[in-house]
Amino acid sequence: MAALTVKAVRQRIDAAMLAEGTFLKSRFAGALFGADTRQLMHGAYAVGAIETSVTTRQRQKTSAGVMVDTAIDVHIAGRYRPDAQVADMDALLDLEATAIQTVEGISRVDLHILYERSRRELMAAAEFTTSTIRFRAIHRIALA
């Protein structure tokens, strides 16, 4: 298994989301997604690499690198109108399902991706709800 940087993992997921065609890439980084509700659109997304940690206690050779888990969050915005709440929530759930299938469809060469959870949050300041989908990316990073 070749080494991948955390940046390369995040970019691979970002590229898959953009190539899918349903989603619109946000100009905000994952951690800031939704901070300015005026910039949200239905289907907007951002990908963030939250944390990277060593998977198990293992011998670390600088020449071989080390196996790690990287937590990846895919944030998606969905429209949420007071007069169409059920339909709009269903539309967000459809976007979630498409995002999960898209990320799980990424090539497994040097990278294994596991779906972990989805969390939805209503934004009171605007007519949007956001979904945060957490994936666990297992890959090798270089040490030298």
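In what follows, residues are counted from 1 in the order of the sequence shown.
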Atom [atom1] of [X] and atom [atom2] of [Y]: how far apart are they, to the nearest 0.5 Å?
X: His112; Y: His139; atom1: NE2; atom2: NE2; result: 11.5 Å
X: Ile76; Y: Phe23; atom1: CD1; atom2: CZ; result: 4.5 Å
X: Ile138; Y: Leu114; atom1: CD1; atom2: CG; result: 4.5 Å

List in chain and number order the residues that pass side chain to side chain contact (heavy atoms under 4.5 Å, CB included) with [X], two or more places apart in sequence or in another chain; answer none if no residue qualifies.
X: Ser26; value: Phe28, Phe33, Ala46
X: Asp94; value: none
X: Arg27; value: Gln39

Hydrophobic cluster (4.5 angstrom, side-chain heavy atoms) - remaining members for Leu143: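 Listed partners: Val54, Val66, Val68, Ile141.
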
Other cluster members, Met41 - Ile/Leu/Val/Met/Phe/Trp/Tyr, side-chain contacts below 4.5 Å: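 Answer for Met41: Leu24.
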
Shortest non-hydrogen contact between Ala77 and Phe128, atoms and distance: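 Between these two residues, the closest heavy atoms are CB-CD2, 4.4 Å.
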
Atom of Thr102, atom of Ala16 and distance for their closest heavy-atom approach: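 Minimum heavy-atom contact is CG2-O, 3.4 Å.
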
Val74 and Phe135: CA distance, side-chain angles, deciding distance, side chain to side chain contact (heavy atoms under 4.5 Å, CB included) verdict: CA-CA 8 Å; Val74 176; Phe135 295 94; 3.8 Å; yes

Transitive ILVMFWY side-chain link Ile50 to Ile133, under 4.5 Å: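 No; Ile133 is not reachable from Ile50 via cluster members.
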
Residue pairs, two or more places apart or on separate chains, that pass salt bridge (Lys or Arg N to Asp or Glu O under 4.0 Å) and touch residues 63-78: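 Sorted pair list: Asp73-Arg134.
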
Of all pairs that satisfy salt bridge (Lys or Arg N to Asp or Glu O under 4.0 Å), the ones with a partner from residues 75-87, not counting sequence neighbours: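 Sorted pair list: Arg81-Asp88.
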
For residues 2-12, tabulate all N or O donor-acceptor pairs below 3.5 Å that involve a side-chain atom, not counting sequence neighbours.
residue	atom	partner	partner atom	Å
Thr5	OG1	Ala8	N	3.0
Arg12	NH1	Val109	O	3.1

Pairs touching residues 41-52 that satisfy side-chain hydrogen bond (donor to acceptor under 3.5 Å, both in side chains), sequence neighbours left out: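 Qualifying pairs, neighbours excluded: Asp14-Tyr45, Thr52-Thr70.
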
CA sep, side-chain torsions, deciding dist, call: Ile113, Ile13, side chain to side chain contact (heavy atoms under 4.5 Å, CB included): CA-CA 10 Å; Ile113 300 173; Ile13 293 170; 4.2 Å; yes

Salt bridge (charged side-chain N to carboxylate O under 4.0 Å, His left out) partners of Glu121, counting only residues at least two apart: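 For Glu121, no residue satisfies salt bridge (charged side-chain N to carboxylate O under 4.0 Å, His left out) once neighbours in sequence are set aside.
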
Contacts of Thr98 that satisfy side chain to side chain donor-acceptor pair (under 3.5 Å) - sequence neighbours left out: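 In terms of side chain to side chain donor-acceptor pair (under 3.5 Å), with neighbours along the sequence ignored, Thr98 is linked to no residue.
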
Residues which pass side chain to side chain donor-acceptor pair (under 3.5 Å) with Glu104, listed by chain and number, not counting sequence neighbours: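 Glu104: side chain to side chain donor-acceptor pair (under 3.5 Å) contacts with Arg108.
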
Residue from Arg119, Arg120, His75 passing side-chain contact (heavy atoms from CB on, under 4.5 Å) with Ser131: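 Going through Arg119, Arg120, His75 one by one, the side-chain contact (heavy atoms from CB on, under 4.5 Å) with Ser131 is satisfied by Arg120 alone.
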
